[in-house]
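Take a look at the structure set out below.
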Amino acid sequence: MIRPFTLALAALGIALVPTALRALDSAEPVAAPVEPAALEAVTEVVEPEVAEPFADGMMPPSWTFVGCISLSGTCKDVFVDGDGAYWVCKACGTTNSPGPGKCRRLTAYELQNSLWCS
């Protein structure tokens, strides 16, 4: 059997819910408005430095072959540069001297959503 005191507390709690919701709804926002200059500073894009090829066209030994990835149905070579950036190049097994002129950076989306192949 439910005690009358418990029923009274439950009724009081139910009655106070709309009052509490109205109090929260009328509260002022806590965050201050953002200045346009601050947004410009955050959205500035900084291009990372890319290693330049040697005179013979070969890349520094910091480029390491890590496997092949399937992009648009074709299997392509993937290399990692000295900074840890992933690069996709020609068809799997055909890239002789990888570099910025022959390869492009893989996006985080491509790395997370593409299948590795051989």
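Hydrophobic cluster membership is shared by Val66 and Leu71, with clusters built from Ile, Leu, Val, Met, Phe, Trp and Tyr side chains linked at under 4.5 angstrom. Phe65 and Tyr86 end up in different hydrophobic clusters when Ile, Leu, Val, Met, Phe, Trp and Tyr side chains are linked at under 4.5 Å. Criterion: ILVMFWY side-chain heavy atoms under 4.5 Å apart, direct or through other members. Under it, Val80 and Leu111 are part of a common hydrophobic cluster.
One finds the SG atom of Cys89 at 9.5 Å from the NZ atom of Lys76 (value rounded to the nearest 0.5 Å). In this structure, CZ in Phe79 is found 12.0 Å from OG in Ser62, a value given to the nearest 0.5 Å. Within the model, atoms CD of Gln112 and CG of Leu106 stand 11.5 Å from one another, a figure rounded to the nearest 0.5 Å. Separating the OG atom in Ser114 from the OH atom in Tyr109 is a distance of 8.0 Å, to the nearest 0.5 Å.
Ion pairing between a basic and an acidic side chain is recognised when a charged N comes within 4.0 Å of a carboxylate O; Arg104 and Glu110 show such pairing.
Closest approach of Ile69 and Val78 over heavy atoms only: CG2-CG2, 3.4 Å. Nearest heavy atom pair, residue Asp77 against residue Thr95, reads OD2-OG1, 2.8 Å. The minimum heavy-atom distance between Gly67 and Trp116, with the atom names listed, is C-CZ3, 4.1 Å.
The closest donor-acceptor contact from the side chain of Asp83 to the backbone of Ala85 lies at 3.5 Å or more, if one exists at all.
The SG atoms of Cys68 and Cys117 do not sit under 2.5 Å apart.
Considering only heavy atoms from C-beta on, Trp87 comes within 4.5 Å of Pro100 through its side chain.
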